[in-house]
Number of protein chains: 2
Amino acid sequence: MSFVILRAMNDRQEQWQAAERLALTLAEGGLQRMAARTLAVFLFTDQDSVTAGEIAERLDASAGAVSGAVKSLLSVGLIERLPAPGSRREHYRLRDDAWARLFTSQNTAFQAMLQAARTGVETTAEHDPAHRRLTQMRDFYEFMLDEIPAMLDRWRRHRQPDRRM
Amino acid sequence: MSFVILRAMNDRQEQWQAAERLALTLAEGGLQRMAARTLAVFLFTDQDSVTAGEIAERLDASAGAVSGAVKSLLSVGLIERLPAPGSRREHYRLRDDAWARLFTSQNTAFQAMLQAARTGVETTAEHDPAHRRLTQMRDFYEFMLDEIPAMLDRWRRHRQPDRRM
DNA sequence: ACGACACTTCAGAAATTTCTGAAACTTCGG
DNA sequence: CCGAAGTTTCAGAAATTTCTGAAGTGTCGT
(Lines give C-alpha, C1' and ligand atoms only; values in the text may rest on other atoms or scores of the structure.)
Protein backbone atom coordinates (compact mmCIF):
# COMPACT_ATOMS: atom_id res chain seq x y z
CA MET A 1 0.00 0.00 0.00
CA SER A 2 2.96 2.31 -0.23
CA PHE A 3 2.82 2.24 -3.99
CA VAL A 4 1.59 5.78 -4.14
CA ILE A 5 4.44 7.03 -2.02
CA LEU A 6 6.98 5.12 -4.05
CA ARG A 7 5.52 6.49 -7.23
CA ALA A 8 5.78 9.99 -5.83
CA MET A 9 9.43 9.45 -4.96
CA ASN A 10 10.14 8.20 -8.42
CA ASP A 11 8.48 11.24 -9.90
CA ARG A 12 10.53 13.57 -7.72
CA GLN A 13 13.69 11.86 -8.80
CA GLU A 14 12.74 12.02 -12.44
CA GLN A 15 11.82 15.66 -12.10
CA TRP A 16 15.15 16.42 -10.55
CA GLN A 17 16.98 14.59 -13.29
CA ALA A 18 14.98 16.32 -15.98
CA ALA A 19 15.81 19.66 -14.38
CA GLU A 20 19.50 18.77 -14.31
CA ARG A 21 19.47 17.71 -17.94
CA LEU A 22 17.71 20.88 -18.88
CA ALA A 23 20.27 22.98 -17.03
CA LEU A 24 23.13 21.24 -18.81
CA THR A 25 21.50 21.79 -22.19
CA LEU A 26 20.86 25.44 -21.46
CA ALA A 27 24.47 25.80 -20.39
CA GLU A 28 25.69 24.30 -23.66
CA GLY A 29 23.49 26.78 -25.42
CA GLY A 30 25.54 29.61 -24.02
CA LEU A 31 23.85 30.37 -20.69
CA GLN A 32 26.13 30.48 -17.66
CA ARG A 33 26.06 27.33 -15.60
CA MET A 34 24.54 28.81 -12.48
CA ALA A 35 22.00 30.84 -14.46
CA ALA A 36 20.97 27.66 -16.23
CA ARG A 37 20.51 25.73 -13.00
CA THR A 38 18.55 28.62 -11.53
CA LEU A 39 16.27 28.74 -14.54
CA ALA A 40 15.63 25.05 -14.08
CA VAL A 41 14.51 25.73 -10.51
CA PHE A 42 12.06 28.36 -11.72
CA LEU A 43 10.60 25.84 -14.12
CA PHE A 44 10.33 22.85 -11.85
CA THR A 45 9.41 24.41 -8.53
CA ASP A 46 5.92 23.62 -7.24
CA GLN A 47 5.55 27.14 -5.88
CA ASP A 48 4.26 30.17 -7.73
CA SER A 49 7.38 32.16 -6.95
CA VAL A 50 10.70 31.59 -5.22
CA THR A 51 13.22 33.64 -3.25
CA ALA A 52 16.97 33.75 -3.75
CA GLY A 53 17.39 31.87 -0.50
CA GLU A 54 15.16 29.04 -1.65
CA ILE A 55 17.10 28.72 -4.87
CA ALA A 56 20.38 28.62 -2.98
CA GLU A 57 19.05 25.86 -0.74
CA ARG A 58 17.65 23.82 -3.59
CA LEU A 59 20.87 24.05 -5.59
CA ASP A 60 23.15 23.86 -2.56
CA ALA A 61 24.99 26.94 -3.82
CA SER A 62 26.17 30.10 -2.14
CA ALA A 63 23.94 33.14 -1.86
CA GLY A 64 26.47 35.06 -3.93
CA ALA A 65 26.32 32.69 -6.85
CA VAL A 66 22.53 32.75 -6.83
CA SER A 67 22.46 36.51 -6.67
CA GLY A 68 24.58 36.74 -9.81
CA ALA A 69 22.50 34.16 -11.63
CA VAL A 70 19.21 35.88 -10.75
CA LYS A 71 20.58 39.19 -11.89
CA SER A 72 21.56 37.80 -15.26
CA LEU A 73 18.19 36.07 -15.75
CA LEU A 74 16.48 39.34 -14.91
CA SER A 75 18.59 41.24 -17.40
CA VAL A 76 17.64 38.86 -20.21
CA GLY A 77 14.01 39.16 -19.17
CA LEU A 78 13.45 35.48 -18.43
CA ILE A 79 12.26 36.06 -14.87
CA GLU A 80 10.62 38.97 -13.08
CA ARG A 81 10.68 40.38 -9.59
CA LEU A 82 7.25 40.26 -8.01
CA PRO A 83 5.73 43.33 -6.42
CA ALA A 84 6.78 42.69 -2.81
CA PRO A 85 3.96 41.06 -0.85
CA GLY A 86 4.99 42.79 2.35
CA SER A 87 7.90 40.49 3.02
CA ARG A 88 11.51 41.36 3.35
CA ARG A 89 12.44 38.72 0.83
CA GLU A 90 12.35 39.34 -2.89
CA HIS A 91 10.16 36.96 -4.81
CA TYR A 92 10.85 36.04 -8.41
CA ARG A 93 9.07 33.96 -11.00
CA LEU A 94 9.42 32.84 -14.57
CA ARG A 95 7.97 35.33 -17.02
CA ASP A 96 5.05 34.20 -19.06
CA ASP A 97 6.82 34.87 -22.35
CA ALA A 98 10.15 33.46 -21.21
CA TRP A 99 10.62 31.08 -24.12
CA ALA A 100 9.98 33.59 -26.81
CA ARG A 101 12.42 35.89 -25.07
CA LEU A 102 15.10 33.26 -24.77
CA PHE A 103 14.83 32.78 -28.48
CA THR A 104 14.70 36.46 -29.25
CA SER A 105 17.91 37.12 -27.37
CA GLN A 106 19.66 35.51 -30.32
CA ASN A 107 18.80 38.55 -32.36
CA THR A 108 21.59 40.54 -30.80
CA ALA A 109 24.11 37.94 -31.86
CA PHE A 110 22.57 37.83 -35.33
CA GLN A 111 22.84 41.58 -35.69
CA ALA A 112 26.53 41.39 -34.84
CA MET A 113 27.08 38.66 -37.42
CA LEU A 114 25.24 40.66 -40.04
CA GLN A 115 27.34 43.71 -39.33
CA ALA A 116 30.56 41.74 -39.61
CA ALA A 117 29.38 40.31 -42.93
CA ARG A 118 28.44 43.71 -44.29
CA THR A 119 31.81 45.16 -43.40
CA GLY A 120 33.44 42.21 -45.12
CA VAL A 121 31.36 42.62 -48.25
CA GLU A 122 32.13 46.32 -48.47
CA THR A 123 35.88 45.99 -48.06
CA THR A 124 36.29 43.15 -50.48
CA ALA A 125 36.69 43.14 -54.26
CA GLU A 126 34.19 41.59 -56.68
CA HIS A 127 36.48 38.84 -57.88
CA ASP A 128 37.69 37.90 -54.41
CA PRO A 129 36.20 34.57 -53.29
CA ALA A 130 35.70 36.13 -49.88
CA HIS A 131 33.29 38.57 -51.46
CA ARG A 132 31.00 35.80 -52.59
CA ARG A 133 31.13 34.00 -49.25
CA LEU A 134 30.49 37.14 -47.25
CA THR A 135 27.62 38.15 -49.51
CA GLN A 136 25.98 34.82 -48.93
CA MET A 137 26.49 35.16 -45.20
CA ARG A 138 24.97 38.62 -45.26
CA ASP A 139 21.96 37.42 -47.21
CA PHE A 140 21.40 34.56 -44.80
CA TYR A 141 21.37 36.73 -41.73
CA GLU A 142 19.21 39.35 -43.38
CA PHE A 143 16.75 36.61 -44.20
CA MET A 144 16.82 35.21 -40.69
CA LEU A 145 16.45 38.52 -38.95
CA ASP A 146 13.39 39.00 -41.06
CA GLU A 147 11.90 35.57 -40.41
CA ILE A 148 12.33 35.29 -36.67
CA PRO A 149 9.83 37.97 -35.65
CA ALA A 150 7.27 36.43 -37.98
CA MET A 151 7.86 33.06 -36.42
CA LEU A 152 7.38 34.40 -32.90
CA ASP A 153 4.17 36.06 -34.02
CA ARG A 154 2.92 32.72 -35.26
CA TRP A 155 3.85 31.22 -31.89
CA ARG A 156 1.89 33.83 -29.98
CA ARG A 157 -1.15 33.31 -32.19
CA HIS A 158 -0.76 29.57 -31.88
CA ARG A 159 -0.84 29.97 -28.10
CA GLN A 160 -3.86 32.16 -27.76
CA PRO A 161 -5.89 32.05 -30.95
CA ASP A 162 -8.20 34.88 -31.88
CA ARG A 163 -7.75 37.68 -29.44
CA ARG A 164 -8.47 40.33 -32.05
CA MET A 165 -11.61 42.47 -31.73
CA MET B 1 49.45 58.89 -55.94
CA SER B 2 49.62 56.26 -53.26
CA PHE B 3 45.96 56.68 -52.48
CA VAL B 4 45.10 53.34 -53.93
CA ILE B 5 47.66 51.56 -51.82
CA LEU B 6 46.51 53.35 -48.70
CA ARG B 7 42.91 52.44 -49.47
CA ALA B 8 43.90 48.84 -49.87
CA MET B 9 45.67 48.86 -46.54
CA ASN B 10 42.61 50.32 -44.86
CA ASP B 11 40.45 47.63 -46.34
CA ARG B 12 42.76 44.91 -45.12
CA GLN B 13 42.66 46.34 -41.65
CA GLU B 14 38.89 46.57 -41.68
CA GLN B 15 38.60 43.05 -42.98
CA TRP B 16 40.78 41.78 -40.19
CA GLN B 17 38.77 43.64 -37.61
CA ALA B 18 35.50 42.37 -39.05
CA ALA B 19 36.88 38.84 -38.92
CA GLU B 20 37.90 39.29 -35.30
CA ARG B 21 34.50 40.65 -34.35
CA LEU B 22 32.82 37.79 -36.10
CA ALA B 23 34.97 35.27 -34.26
CA LEU B 24 34.08 36.82 -30.92
CA THR B 25 30.38 36.73 -31.74
CA LEU B 26 30.55 33.14 -32.84
CA ALA B 27 32.38 32.29 -29.64
CA GLU B 28 29.66 33.91 -27.54
CA GLY B 29 27.18 31.85 -29.48
CA GLY B 30 28.72 28.70 -28.08
CA LEU B 31 31.45 27.87 -30.59
CA GLN B 32 34.89 27.23 -29.13
CA ARG B 33 37.21 30.19 -29.39
CA MET B 34 39.70 28.64 -31.76
CA ALA B 35 36.99 27.10 -33.91
CA ALA B 36 35.38 30.51 -34.21
CA ARG B 37 38.62 32.19 -35.25
CA THR B 38 39.26 29.43 -37.74
CA LEU B 39 35.81 29.81 -39.24
CA ALA B 40 36.52 33.50 -39.65
CA VAL B 41 39.63 32.65 -41.63
CA PHE B 42 37.60 30.43 -43.94
CA LEU B 43 35.23 33.29 -44.56
CA PHE B 44 37.69 36.07 -45.11
CA THR B 45 40.50 34.35 -46.94
CA ASP B 46 41.03 35.41 -50.55
CA GLN B 47 41.86 31.86 -51.55
CA ASP B 48 39.45 29.16 -52.60
CA SER B 49 40.72 26.78 -49.96
CA VAL B 50 43.23 26.80 -47.14
CA THR B 51 45.47 24.32 -45.37
CA ALA B 52 45.83 23.83 -41.64
CA GLY B 53 49.31 25.36 -41.85
CA GLU B 54 47.99 28.51 -43.45
CA ILE B 55 45.37 28.90 -40.76
CA ALA B 56 47.97 28.47 -38.04
CA GLU B 57 50.12 31.14 -39.65
CA ARG B 58 47.28 33.56 -40.12
CA LEU B 59 46.07 33.16 -36.52
CA ASP B 60 49.54 32.80 -35.03
CA ALA B 61 48.42 29.69 -33.21
CA SER B 62 49.94 26.28 -32.73
CA ALA B 63 49.37 23.50 -35.23
CA GLY B 64 47.72 21.50 -32.47
CA ALA B 65 45.12 24.12 -31.72
CA VAL B 66 44.28 24.46 -35.40
CA SER B 67 44.00 20.72 -35.82
CA GLY B 68 41.41 20.55 -33.07
CA ALA B 69 39.46 23.49 -34.42
CA VAL B 70 39.37 22.08 -37.94
CA LYS B 71 38.21 18.74 -36.63
CA SER B 72 35.32 20.31 -34.77
CA LEU B 73 34.28 22.44 -37.74
CA LEU B 74 34.34 19.32 -39.89
CA SER B 75 32.20 17.43 -37.42
CA VAL B 76 29.53 20.13 -37.45
CA GLY B 77 29.66 20.14 -41.23
CA LEU B 78 30.65 23.78 -41.63
CA ILE B 79 33.75 23.02 -43.69
CA GLU B 80 34.78 20.18 -45.95
CA ARG B 81 38.02 18.46 -46.86
CA LEU B 82 38.78 18.83 -50.53
CA PRO B 83 39.62 15.80 -52.65
CA ALA B 84 43.40 16.00 -52.43
CA PRO B 85 44.89 17.75 -55.46
CA GLY B 86 48.00 15.59 -55.34
CA SER B 87 49.59 17.53 -52.53
CA ARG B 88 50.63 16.30 -49.15
CA ARG B 89 48.71 19.03 -47.44
CA GLU B 90 45.01 18.75 -46.75
CA HIS B 91 42.89 21.52 -48.20
CA TYR B 92 39.68 22.67 -46.59
CA ARG B 93 36.98 25.12 -47.51
CA LEU B 94 33.73 26.51 -46.21
CA ARG B 95 30.76 24.40 -47.23
CA ASP B 96 28.24 26.02 -49.46
CA ASP B 97 25.38 25.44 -47.01
CA ALA B 98 27.43 26.35 -43.95
CA TRP B 99 24.98 28.91 -42.58
CA ALA B 100 21.95 26.72 -42.77
CA ARG B 101 23.95 24.00 -41.04
CA LEU B 102 25.12 26.29 -38.28
CA PHE B 103 21.51 27.11 -37.62
CA THR B 104 20.35 23.54 -37.89
CA SER B 105 22.82 22.37 -35.28
CA GLN B 106 20.55 24.03 -32.74
CA ASN B 107 18.03 21.28 -33.34
CA THR B 108 19.95 18.87 -31.18
CA ALA B 109 19.77 21.28 -28.27
CA PHE B 110 16.09 21.86 -28.95
CA GLN B 111 15.38 18.14 -28.89
CA ALA B 112 17.06 17.87 -25.51
CA MET B 113 15.00 20.75 -24.15
CA LEU B 114 11.83 19.19 -25.48
CA GLN B 115 12.65 15.87 -23.87
CA ALA B 116 13.33 17.51 -20.51
CA ALA B 117 10.03 19.37 -20.75
CA ARG B 118 8.10 16.21 -21.61
CA THR B 119 9.58 14.34 -18.68
CA GLY B 120 8.62 17.23 -16.45
CA VAL B 121 5.05 17.32 -17.73
CA GLU B 122 4.61 13.59 -17.26
CA THR B 123 5.93 13.48 -13.72
CA THR B 124 4.00 16.47 -12.49
CA ALA B 125 0.44 16.76 -11.18
CA GLU B 126 -2.32 18.79 -12.88
CA HIS B 127 -2.61 21.37 -10.12
CA ASP B 128 1.14 21.87 -9.74
CA PRO B 129 2.26 25.23 -11.17
CA ALA B 130 5.26 23.43 -12.62
CA HIS B 131 2.88 21.41 -14.77
CA ARG B 132 1.57 24.52 -16.47
CA ARG B 133 5.04 25.98 -17.01
CA LEU B 134 6.46 22.75 -18.37
CA THR B 135 3.50 22.28 -20.67
CA GLN B 136 4.06 25.69 -22.13
CA MET B 137 7.75 24.97 -22.54
CA ARG B 138 6.96 21.69 -24.30
CA ASP B 139 4.51 23.38 -26.64
CA PHE B 140 7.02 26.06 -27.51
CA TYR B 141 9.75 23.64 -28.47
CA GLU B 142 7.36 21.43 -30.38
CA PHE B 143 6.31 24.47 -32.33
CA MET B 144 9.87 25.55 -32.99
CA LEU B 145 11.11 22.16 -34.06
CA ASP B 146 8.31 22.19 -36.55
CA GLU B 147 8.98 25.70 -37.87
CA ILE B 148 12.74 25.59 -38.30
CA PRO B 149 12.87 23.13 -41.20
CA ALA B 150 10.19 25.15 -42.99
CA MET B 151 12.23 28.28 -42.48
CA LEU B 152 15.36 26.70 -43.88
CA ASP B 153 13.37 25.53 -46.89
CA ARG B 154 12.26 29.08 -47.50
CA TRP B 155 15.89 30.16 -47.27
CA ARG B 156 17.00 27.63 -49.86
CA ARG B 157 14.23 28.67 -52.22
CA HIS B 158 15.03 32.31 -51.57
CA ARG B 159 18.62 31.60 -52.59
CA GLN B 160 18.03 29.76 -55.80
CA PRO B 161 14.49 30.41 -56.95
CA ASP B 162 12.78 27.97 -59.28
CA ARG B 163 14.92 24.95 -59.67
CA ARG B 164 11.93 22.66 -59.95
CA MET B 165 11.22 20.88 -63.28
C1' DA C 1 62.85 2.03 -48.36
C1' DC C 2 63.96 6.58 -46.65
C1' DG C 3 63.65 11.29 -45.56
C1' DA C 4 60.95 15.29 -45.35
C1' DC C 5 56.87 17.46 -44.57
C1' DA C 6 52.27 18.03 -42.86
C1' DC C 7 49.02 16.87 -39.67
C1' DT C 8 47.36 14.65 -35.15
C1' DT C 9 47.47 13.53 -30.42
C1' DC C 10 48.08 14.43 -25.75
C1' DA C 11 50.10 15.81 -21.25
C1' DG C 12 50.57 19.58 -18.81
C1' DA C 13 50.75 24.95 -18.71
C1' DA C 14 48.17 29.07 -19.12
C1' DA C 15 44.08 31.63 -19.24
C1' DT C 16 39.48 32.16 -18.27
C1' DT C 17 35.24 31.30 -16.11
C1' DT C 18 32.68 30.33 -12.10
C1' DC C 19 31.93 29.86 -7.23
C1' DT C 20 32.53 30.70 -2.30
C1' DG C 21 32.81 33.18 1.93
C1' DA C 22 32.74 37.21 4.30
C1' DA C 23 31.75 41.92 4.72
C1' DA C 24 28.68 45.68 3.36
C1' DC C 25 24.30 47.20 2.41
C1' DT C 26 18.94 47.46 2.63
C1' DT C 27 14.69 47.01 4.48
C1' DC C 28 11.33 45.80 7.78
C1' DG C 29 9.46 45.26 12.52
C1' DG C 30 9.60 46.89 16.89
C1' DC D 1 16.71 54.39 15.73
C1' DC D 2 18.22 49.52 16.43
C1' DG D 3 18.56 44.68 15.38
C1' DA D 4 17.58 40.87 12.48
C1' DA D 5 16.81 38.80 8.10
C1' DG D 6 17.76 38.87 3.36
C1' DT D 7 20.41 40.23 -0.45
C1' DT D 8 24.41 42.11 -2.98
C1' DT D 9 29.20 42.80 -3.79
C1' DC D 10 33.77 41.42 -4.42
C1' DA D 11 38.46 39.45 -3.67
C1' DG D 12 40.47 35.43 -4.08
C1' DA D 13 39.98 30.08 -4.52
C1' DA D 14 38.55 26.38 -7.31
C1' DA D 15 37.21 24.37 -11.47
C1' DT D 16 37.07 24.31 -16.19
C1' DT D 17 38.34 25.44 -20.72
C1' DT D 18 41.76 26.27 -24.05
C1' DC D 19 46.34 26.33 -25.88
C1' DT D 20 51.14 25.03 -26.56
C1' DG D 21 55.01 22.12 -27.42
C1' DA D 22 56.79 17.90 -28.36
C1' DA D 23 56.43 13.32 -29.73
C1' DG D 24 53.94 10.27 -32.85
C1' DT D 25 51.68 8.93 -37.29
C1' DG D 26 50.97 8.84 -42.07
C1' DT D 27 52.06 9.97 -46.78
C1' DC D 28 54.43 11.56 -50.77
C1' DG D 29 58.49 12.03 -53.70
C1' DT D 30 62.73 10.10 -54.73
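Just so it is clear: chains get the letters A, B, ... in the order the sequence lines come, proteins before strands, and each one is counted from 1. Remember, it's a predicted structure, so these values are computed and weren't measured experimentally.
Regarding B/Glu28, its CD atom lies at a distance of 16 Å from the C1' atom of D/dT17, rounded to whole Å. What separates CG of B/Leu24 from C1' of D/dT18 is a distance of 15 Å, to the nearest Å. As a whole-Å value, the separation of A/Arg81 CZ from C/dT26 C1' is 12 Å. Note: OH (A/Tyr92) to P (D/dT7) measures 7 Å, nearest angstrom. As a whole-Å value, the separation of B/Glu90 CD from C/dC7 C1' is 8 Å.
A salt bridge links A/Glu142 to A/Arg118: one of the charged nitrogens lies within less than 4.0 Å of a carboxylate oxygen. Using a 4.0 Å cut-off between a side-chain N of Lys or Arg and a carboxylate O of Asp or Glu, B/Glu122 and B/Arg138 do not qualify as a salt bridge. The pair B/Asp96-B/Arg101 does not count as a salt bridge, with every side-chain nitrogen at least 4.0 angstrom from each carboxylate oxygen.
A heavy-atom distance below 4.0 Å to DNA chain D is reached by these residues of residues 46-76 of chain A, ordered by number: A/Thr51, A/Ala52, A/Gly53, A/Ala63, A/Gly64, A/Ser67, A/Lys71. Looking at residues 31-45 of chain B, you'll see B/Arg33 sit with a heavy atom under 4.0 Å from some atom of DNA chain C.
You'll find the ring centres of A/Tyr141 and B/Trp99 inside the 6.0 Å limit.
Remark: A/Glu57 CD is loosely packed, at most 12 non-hydrogen atoms of other residues, nucleotides or ligands lying under 6.0 Å away.
The two residues A/Ala19 and A/Ala40 have their closest heavy-atom pair at O-CB, 3.6 Å. Nearest heavy-atom pair, A/Val121 versus A/Thr135, reported as atom, atom and distance to 0.1 Å: CG2-N, 3.6 Å.
Screening residues 104-113 of chain B for salt bridge (charged side-chain N to carboxylate O under 4.0 Å, His left out) gives no qualifying pairs among residues at least two apart or on separate chains.
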